[in-house]
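I have a structure I would like to understand better, so I am pasting it below and will then ask my questions one at a time.
Just so we're on the same page: letters track the sequence lines, and every chain starts at 1.
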Protein chains: 2
Amino acid sequence: MSAPVVDARAAEVFAALGDATRLTLLATLGTTGAATATRLAEPLPVTRQAVARHLRVLEDAGLVRSTKHGRDVLFRVDADALRERAEWLVAVSSAWDRRLADLRTRAERP
Amino acid sequence: MSAPVVDARAAEVFAALGDATRLTLLATLGTTGAATATRLAEPLPVTRQAVARHLRVLEDAGLVRSTKHGRDVLFRVDADALRERAEWLVAVSSAWDRRLADLRTRAERP
DNA sequence: CGGATGTGCAATATAAATGTTGCACATGCG
DNA sequence: CGCATGTGCAACATTTATATTGCACATCCG
């Protein structure tokens with residue numbers, strides 16, 4: 001019962017990032033601004049439905065947002081959320097870095 | 001042929017982070033310094049073999065390292081590698097942030 | 001030596017992720 | 001209106017991930 005909710009949420013975000021196709025989608029959205037699932041699927045070797053599913057995973061993880069414009073749905077990167085996650089990871093890894101350095105120091109100089 | 005190798009590698013790292021059990025293992029290793037698979041499995045609701053598999057995933061992703069000490073194998077976090085990945089993600093997300101802000105500005109002031 | 005403990009590998013079971021096809025429906029435009 | 005285009009949902013196939021059990025082997029220690 002001690003497993004923090006943060007872990008589950010963080011895991012979801014990283015899992016969303018843990019797919020080459022989704023990283024490609026993010027990169028495309030990051031440079032073009034916004035696009036529909038159909039348009040994003042064109043240069044990729046997968047169907048439109050597969051891309052739509054990937055986009056849904058990214059949206060569930062809070063990494064992209066979608067807005068409906070008449071007939072089509074436009075997806076765009078939520079760069080703020082992404083940077084926020086990245087900075088959290090930096091903080092955690094830095095903390096471990098210091099912690100481990102501290103453990104090493106104590107081991108050498110008890 | 002244009003898919004960068006970086007993506008596949010990055011996806012592997014993020015996929016390794018995309019599991020609550022593995023995040024827990026990293027957190028434990030980050031605070032205790034080093035431990036065996038058997039010891040790490042004790043407080044978890046999974047078997048030692050499952051933990052060993054998770055550790056192998058983390059090691060393949062370059063996030064942990066292992067050293068053999070006689071009978072047991074000690075795992076420890078490679079905090080450097082972890083922070084490096086995190087900083088890469090920050091750089092990418094920041095770049096997209098600026099890029100998207102730029103796109104917005106152009107759209108508003110053509 | 002001999003029991004206790006830690007590892008690794010194999011076989012297996014189950015769940016989840018990924019991708020496809022097919023179809024119904026909504027929206028834009030000539 | 002009527003056709004082209006974009007979406008969403010469902011059914012299905014396939015692969016991958018996760019976890020378990022069982023067993024053989026190595027290593028530590030009384």
**OP:** Taking salt bridge (charged side-chain N to carboxylate O under 4.0 Å, His left out) as the test, write out the residues that go with B/D80, two or more places apart.
**Re:** B/R83
Kindly give the atom pairs (protein nitrogen or oxygen, nucleotide nitrogen or oxygen) under 3.5 Å for nucleotides 27-30 of chain C.
from: C/dT27; atom 1: O3'; to: A/R71; atom 2: N; distance (Å): 3.3
from: C/dT27; atom 1: O2; to: A/R71; atom 2: NH1; distance (Å): 3.3

**OP:** Could you encode protein contacts along nucleotides 15-23 of chain C as a string, one character per nucleotide from 5' to 3', using B for base contact, S for sugar-phosphate-only contact and - for no contact, with a heavy-atom cut-off of under 4.0 Å?
**Re:** ---BSBBB-
Subject >> Nonpolar side-chain network containing B/V90, other nodes, edges under 4.5 Å >> reply: A/V90
**OP:** Write down the distance between CG (B/D60) and P (D/dA17), rounded to a whole number of angstrom.
**Re:** 11 Å
Original post:
For A/A52, what residues pass the side-chain contact (heavy atoms from CB on, under 4.5 Å) criterion, not counting sequence neighbours?
Top reply: A/A37
**OP:** Would you check if A/L17 and B/L17 make a side-chain contact, meaning some heavy-atom pair closer than 4.5 Å?
**Re:** no
Original post:
Is A/L58 close to A/L29 at the side-chain level, that is, under 4.5 Å between some pair of heavy atoms?
Top reply: no
Original post:
Are the side chains of A/L74 and A/T36 in touch, meaning some heavy atoms are under 4.5 Å apart?
Top reply: yes
**OP:** Measure the shortest side-chain to side-chain distance between B/L63 and B/V77 over non-hydrogen atoms and say whether it is less than 4.5 angstrom.
**Re:** no
Original post:
Considering only heavy atoms from C-beta outward, does the side chain of A/D19 approach that of A/H54 to under 4.5 Å?
Top reply: yes
**OP:** Could you list by number each residue of residues 35-43 of chain A showing a heavy-atom separation from DNA chain C of less than 4.0 Å, or answer none if no residue does?
**Re:** none
Subject >> Parallel, tilted or perpendicular, as decided by the 30° and 60° cut-offs, for the rings of A/F14 and B/F14 >> reply: parallel
**OP:** Check the distance between D/dC28's P and B/L74's CG and give it to me in whole angstrom.
**Re:** 12 Å
**OP:** Report yes if the side chains of A/R76 and B/L100 come closer than 4.5 Å at any heavy-atom pair, otherwise no.
**Re:** no
